[in-house]
Structure formats: structure tokens, C-alpha cells
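Worksheet for the structure shown next.
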Amino acid sequence: MSKLSAPFSLAPLALLAACAGPLVQRPDKAPQALPDGFAAYVLMGDGGAVARVVLDAPACPALVVDGASRPMALRAAPATLPLRANSAKEDAQPSAFPLRVCEAALPPGAATASVTSGGAPAPAYSVSLPLPRDQPRRIVVIGDTGCRLKKSGNEYQDCNDPQAYPFAAVAAAAAAWKPDLVVHVGDYHYRESPCPASQAGCAGSPHGYGWDTWREDFFRPGAALLAAAPWVVARGNHESCERAGQGWWRLLDPRPLQSGRDCVDPARDNAGDAPGNYSDPYAVPLGGGAQLLVADTAATTWKGLKPGDAGYEQYRATYRRLDALSRQAPWNLAVTHHPILGVGAELKPDGQLDWHLGDAGLQQSFGSLNPLLLPERVQVLLSGHVHLWQQLSFSSPHPSQFVAGFSGTAEDMAPLPARLPAGVSPAPGAVAEQFSSWIGGFGFMAMERGGPGEWTVTVHDRHGAIKNRCQISGKRSVCSVTQVQ
């Protein structure tokens with residue numbers, strides 16, 4: 001279990017795309033499946049949209065926008081990166097990234113974009129890219145998507161079983177919903193340790209923090225959804241420097257890759273690697289007076305933070321930046337991997353629930369600046385980290401909290417009650433009046449824009465069937481089902 005505090009039917013073609021990867025259109029031939037050593041996708045960051053490509057080629061390909069070709073820049077050359085000291089406990093190995101990572105900004109208002117190679121010596125191809133909309137109306141929210149292989153917790157998910165690890169089906173169903181934008185709330189990478197010889201369900205799986213694991217945990221199963229829409233990506237604790245941070249900076253963070261902020265220096269431990277473990281929040285405009293505020297919370301801790309601790313001042317700076325950004329728009333959807341206003345529970349031997357409330361590190365650092373924890377203009381908080389789906393709305397002036405950590409990783413199974421017991425609150429002063437949850441089901445959350453500050457939320461299972469419906473109005477939200485079965 002991930003700790004908070006103390007700790008419509010699926011179209012056959014969509015399923016095929018999830019299993020075989022997106023299709024590549026060669027200039028002179030019919031579409032064919034992409035090779036394993038290739039990924040093309042679009043990320044949204046503080047500077048707009050970025051086209052990114054991972055490929056096995058001697059040089060970067062061309063980006064063709066509205067028929068005009070422009071070069072892509074090298075983001076990261078092939079390399080094997082040193083093992084971080086704290087990673088050794090999971091029997092990890094130095095991280096091999098044998099592929100080239102290239103990128104280029106997508107100009108606003110582009111009508112078409114593709115990544116094109118002329119071949120010689122590599123095969124020729126042309127891959128269409130999804131383009132951002134000025135005012136996206138349909139947003140998919142997913143989180144916690146990798147397959148858990150973790151020696152230190154003796155946790156081994158059956159990665160080879162699509163029933164036990166259904167991210168490919170979830171991604172294909174979400175793509176079939178035809179989103180304008182995808183928001184991933186963090187934790188992409190979970191195959192940290194080797195699969196035991198006795199565990200047939202994960203036999204042959206790669207492990208560690210290199211490309212082979214990123215491919216199997218994220219790029220291959222998520223291929224259909226990567227091809228469907230641009231992505232906003234939040235960083236989770238599994239992408240901290242002591243874990244999969246090297247891959248995070250090379251592959252997913254939308255900002256320029258900088259030496260020293262890439263989790264490569266093995267002399268730094270997790271607590272001391274401030275350049276690699278912390279980054280500034282940024283805004284992604286949604287039009288219509290709304291925006292996403294994306295915050296990096298990878299290095300917070302459920303144990304709490306106090307003045308003088310690593311991270312305390314870093315997260316106070318994060319809060320100040322979020323506050324400043326929130327003043328740019330009347331409606332703000334904040335994205336943090338850790339749910340500051342969420343709840344989780346473990347079942348104790350006596351059958352009682354051991355509640356885990358909020359994230360103590362963020363509550364203490366953010367709370368030192370604002371007892372309400374989040375800037376006044378934040379309407380909704382989108383998070384993951386706890387492996388379930390959840391909604392909380394408050395009679396106190398807190399934003400609604402949605403948790404969407406239910407898209408592939410082994411789920412938290414402690415049964416939560418239909419209503420929170422008296423005295424159980426995710427944070428001091430937060431008075432819950434609406435609570436809904438889904439324990440043990442995999443899927444994705446979808447948001448459709450209504451009027452200003454209004455959103456309709458639907459919760460879908462792995463096949464795309466709707467399991468719950470919710471309405472957001474301002475900071476308040478309510479769902480039709482309190483406990484999804």
C-alpha cells in the first residue's frame with residue numbers, strides 16, 4: 001500500500017494498438033507497427049507543447065509542421081548511467097538508455113505535425129503527432145500505472161497477466177474515449193527488482209531503472225493513449241532521484257534537460273539531491289479562464305517535514321509559486337502526485353482500520369504559509385499515490401480532492417466505509433461532506449468541461465464502462481455512487 005501519512009466496450013482496434021504499439025505510416029507504404037526502440041509523444045509544459053521522440057538512430061529525425069520540415073534537437077544521447085547508492089537495496093543495476101531522445105517545440109496553432117525520417121540507414125517512416133487544443137474539453141486522468149516488482153516489500157505483481165496488470169487495456173479504453181488532453185498524476189515506473197524464479201506471473205520482466213523497464217512499464221502499454229492526445233505529466237515518488245529519476249528527466253519532464261538536475265551524480269543521496277529532486281511548479285492553460293497547475297512532489301515524505309529538514313523550504317517555495325501562478329486564472333486544477341486532502345487505510349490484525357491522512361510533509365510545509373494548505377483560487381486537486389479512486393468534497397473552504405491512482409499498479413484493498421467516521425479528517429480543519437471511493441478496480445477518470453468552474457467527471461473501468469458520475473461546481477463536488485462495487 002502507498003502511504004498518505006504514516007504510510008462502452010473496448011474497440012478491438014484500440015486493444016490491438018495497445019498491444020502492438022501505435023502505427024507508423026511510411027511515406028510509400030501502408031501503416032505498420034512501430035519497432036520496440038521507438039516512441040513519439042507530445043508533452044505540455046510551461047513553454048507550451050513539446051514533441052519528443054525516443055529512437056534507435058544515428059541522428060534526430062525531422063519534425064514536419066504544416067508541411068514544413070524543421071530539425072529536432074538532441075535532448076539526451078545514448079548512455080549507461082551510474083547506479084544511485086540507495087537503489088542497490090532493490091538489486092537494481094546501472095541504467096542503460098541505448099536510445100537517442102530528441103525534441104522540438106510545437107508552434108501554437110499548428111494544424112498537422114509529424115515526425116519523419118528519410119531512411120538510409122534506418123527505415124523510412126512518418127508518424128503523426130496529436131496536437132493541443134486551445135480549450136480542451138475532454139480530459140483523461142490516470143495514475144500509478146507501472147507493474148510493481150519490489151524486493152524490499154516482497155511485492156511482485158503478475159506483469160505478464162493482463163488481468164493482474166491491465167494498464168494496456170486501461171490506456172486503450174481511455175484513448176477510445178477520444179480525449180483532448182491526458183493528465184498523468186505520477187508513478188510511471190514500478191519494476192525495480194528482479195522477478196523471483198518462483199513467480200511465473202512476472203517471469204522475463206526487465207527490472208531496474210533503464211529504458212527496457214520504462215518501455216515495458218510505460219511506453220509499450222501506454223502507446224495507444226500516447227498517440228491519442230498531448231500529455232501533462234506530474235512526477236511521483238517513484239521518479240525521485242534514488243529511483244527512476246534519471247529516466248524521468250530524460251524521457252518525461254517537459255522542461256530542458258540540464259546537467260546537475262538529471263539525477264546522474266552518484267555522489268548525491270536522495271535527501272541531498274536538491275537540483276534533481278525538486279523543480280518549480282508550472283501552469284498549462286486550458287482556456288475559458290481555467291488552467292492546470294503542475295507541482296513536483298516527488299521527494300515529500302509521509303513522516304513529515306519541519307524547519308531545517310531537506311524539502312521544507314523547497315516545498316514552501318513550491319507553495320509560493322503555486323499561489324502566484326493561480327492568480328493568472330479564476331479556475332485552477334492543481335496536480336500533485338501526493339493527495340494532500342486524501343485518505344487511505346490499512347487493515348490491522350484486529351480488523352480495525354489504520355487511517356493514513358493526507359501527506360504530512362506537504363501539509364506541514366504548505367500549512368506553514370496557509371492553514372488551508374492550497375491557494376484560494378485552487379478549485380480541484382488531482383492526485384494519485386494511493387492505489388484506488390477517490391473523491392472528497394468539503395464544507396470547509398478546501399478544494400475538492402480526486403485521487404486517480406488506479407490505472408495499473410497493484411491496488412490498495414483495505415475496505416473503506418461509505419462515510420468517513422467521526423473525527424477522521426485528511427487534514428486539520430478540513431471538514432468532509434462528500435466522500436466516494438472505488439477499491440480494487442482498475443480504470444481511468446474522465447473530465448468534461450461545462451460552464452465556468454463546472455466539470456462533469458465519469459469514472460471508467462478498464463474496458464471503458466462508466467462506474468460513477470460526479471459533478472464539480474467551484475470547489476464543491478458530489479458523486480452519484482458513494483462506494484463503487
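In this structure R137 satisfies the salt bridge (charged side-chain N to carboxylate O under 4.0 Å, His left out) test with no other residue, sequence neighbours excluded. In this structure, D212 has no salt bridge (charged side-chain N to carboxylate O under 4.0 Å, His left out) partners at least two apart in sequence or on a different chain. Every residue two or more places apart in sequence or in another chain was checked for a side-chain hydrogen bond (donor to acceptor under 3.5 Å, both in side chains) with R377, and none qualifies. Evaluation of the side-chain contact (heavy atoms from CB on, under 4.5 Å) rule for L372 yields N370, P397, H398 as partners, not counting sequence neighbours. Residues that satisfy the salt bridge (charged side-chain N to carboxylate O under 4.0 Å, His left out) test with D158, not counting sequence neighbours, are absent from this structure. In terms of the salt bridge (charged side-chain N to carboxylate O under 4.0 Å, His left out) criterion, R469 has no residue partners (sequence neighbours excluded). Residues forming a side-chain contact (heavy atoms from CB on, under 4.5 Å) with A324 (at least two apart in sequence, or on another chain): none. Considering only residues two or more places apart in sequence or on other chains, Y319 meets the ring-ring contact (aromatic ring centres under 6.0 Å, His included) condition with F366.
A distance of 7.5 Å separates CZ in R235 from CG in D253, rounded to the nearest 0.5 Å. One distance of note links CG of L226 with CH2 of W231; it measures 4.5 Å at 0.5 Å rounding.
Checking side-chain atoms of T409 against main-chain N and O of G146 turns up a donor-acceptor pair under 3.5 Å. Between the H387 side chain and the A410 main chain, a donor and an acceptor come within less than 3.5 Å of each other.
For Y315 and Y278, the distance between ring centers is under 6.0 angstrom.
Remark: R250 is positioned above the aromatic ring of F97, its terminal NZ or CZ atom under 6.0 angstrom from the ring centre and at most 45 degrees off the axis.
By the 4.0 Å N-to-carboxylate-O rule, R133 lies close enough to D180 to be salt-bridged with it.
Between the side chains of N468 and S480, at least one donor N or O sits under 3.5 Å from an acceptor N or O. In this structure, a donor-acceptor pair under 3.5 Å is present between the side chains of H337 and H385.
Tested against H238, the residues Y209, Y190, Y188 include a single ring pair (Phe, Tyr, Trp, His ring centres under 6.0 Å) partner, Y190. The only option from D134, L181, N332 that meets the side chain to side chain contact (heavy atoms under 4.5 Å, CB included) definition with L286 turns out to be L181.
Every pair passing salt bridge (Lys or Arg N to Asp or Glu O under 4.0 Å) that includes a residue from residues 327-343 is listed here, sequence neighbours excluded: D323-R327. Judged as a salt bridge (Lys or Arg N to Asp or Glu O under 4.0 Å), not a single pair has a partner in residues 164-178 (not counting sequence neighbours). Here salt bridge (Lys or Arg N to Asp or Glu O under 4.0 Å) pairs that include residues 69-79, with residues two or more places apart or in two chains, are R75-E103. For residues 161-171, the set of pairs meeting the salt bridge (Lys or Arg N to Asp or Glu O under 4.0 Å) definition, not counting sequence neighbours, is empty.
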